[in-house]
Number of protein chains: 2
Amino acid sequence: MVVRFTNQRQEILDYINSKPHHPTVDEVYTAVKIKLPRISKATVYQNLKVLAEKGYIKEVNIKGASRFEPILDEHHHIICRECGKIIDYESKALTEYSMTLAKNMKDMDIEFTNTNFYGKCKKCKKR
Amino acid sequence: MVVRFTNQRQEILDYINSKPHHPTVDEVYTAVKIKLPRISKATVYQNLKVLAEKGYIKEVNIKGASRFEPILDEHHHIICRECGKIIDYESKALTEYSMTLAKNMKDMDIEFTNTNFYGKCKKCKKR
DNA sequence: GTACGTGCAAATGATTTGCGTTAAG
DNA sequence: CTTAACGCAAATCATTTGCACGTAC
């Protein structure tokens, strides 16, 4: 199965690569619609899925909804439990340590790891 | 606001505490329905939410759907990217190391951390 | 007795699917 | 040309909400 590089696919990929912002499907749809007004949401869903499967982008699940991010150096996420805000957090040491543990697991072949730090952001803490 | 301990709530809590199995909402619903045939799915949703908020159980998000687990010692998850199977993984060292990093974060107050190890389980690898 | 909880049905949101048409390679 | 991809509408899941009635405390 050949993966064709259509306009729609390219715009979606470009948008996700343009900002470290972890957009939702709707955010991608709204943004890409400006350049390609006739695009449908189903196409956005389909392409996000394909792009993630083929390894062009990465899918993250926060509070029940899918979000997407570029392929960056392996990193971790700081997540507000209340509003779902995400901050990227890089720690090679943590990644390496996790992967060391992964090598000793026999139940599954581990491909990558991700550590989530859950808490409350400043805004949500005020309330 | 007083949290009342109704039959429904107790059965849901008991079921989740009974097995290290990370059930989905539907699995909880089906299981509890055997003992309480008149229970509605909305009640299951409501109670799972309350129980998680009050800290009686923990919510985990895998492949877009909510799953629930008892409050155990802090632990991590090994997840099959294909079928969503979860295996618990305990490593005090990893938890402690992550929490050490968390103490230096100024953007958010971290309450807990969780590391996910993603890979493919034996069954899915065969295909 | 008074909220909080329940069950039901309807509403909302997220995601997927079927299908006829379009366009990439 | 041929087949993956598109756009649209409808279908399917997951989850939430409104409301009249029931019940824990």
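Residue numbers start from 1 in every chain, and the chains themselves are labelled A, B, ... in the order their sequence lines are given, proteins ahead of strands. All values below come from the heavy atoms of this structure, side chains included, with hydrogens, waters and symmetry mates left out.
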N/O to N/O distances under 3.5 Å, protein versus nucleotides 21-24 of chain C:
| unit_1 | atom_1 | unit_2 | atom_2 | d |
| --- | --- | --- | --- | --- |
| C:dA24 | N3 | A:R4 | NH1 | 3.4 |

Contact under 4.0 Å: [X] side-chain N or O vs [N] OP1/OP2:
X: B:Q8; N: D:dT23; value: no
X: B:Y45; N: D:dT16; value: no
X: B:R38; N: C:dT6; value: no
X: A:S40; N: D:dC6; value: no

Which nucleotide sits closest to the side chain of [X]: [options]?
X: A:V25; options: C:dT15, D:dG7, C:dA9; result: C:dT15
X: A:K49; options: C:dG7, C:dT16, D:dA5; result: C:dT16
X: B:K41; options: C:dT17, D:dT15, C:dT6; result: D:dT15
X: B:D26; options: C:dG5, C:dT17, D:dA14; result: D:dA14

* Asked: Considering residues, nucleotides and ligands other than A:K58, do more than 12 of their heavy atoms fall under 6.0 Å from its NZ?
  -> yes
* **Atom NZ of A:K85: over 12 foreign heavy atoms under 6.0 Å** => no
* Asked: Any side-chain heavy atom of A:R9 sitting closer than 4.5 Å to one from A:I12?
  -> no
* Structure fact -> Whichever of B:R9 and A:N61 has the more 5' nearest nucleotide on DNA chain C, that residue is B:R9
* Interatomic distance where CG belongs to B:N47 and C1' belongs to D:dT16 [whole Å] -> 14 Å
* Remember a base hit wins even if backbone is also touched, and classify B:Q46 as base, sugar-phosphate or nothing at under 4.0 Å, heavy atoms. => base
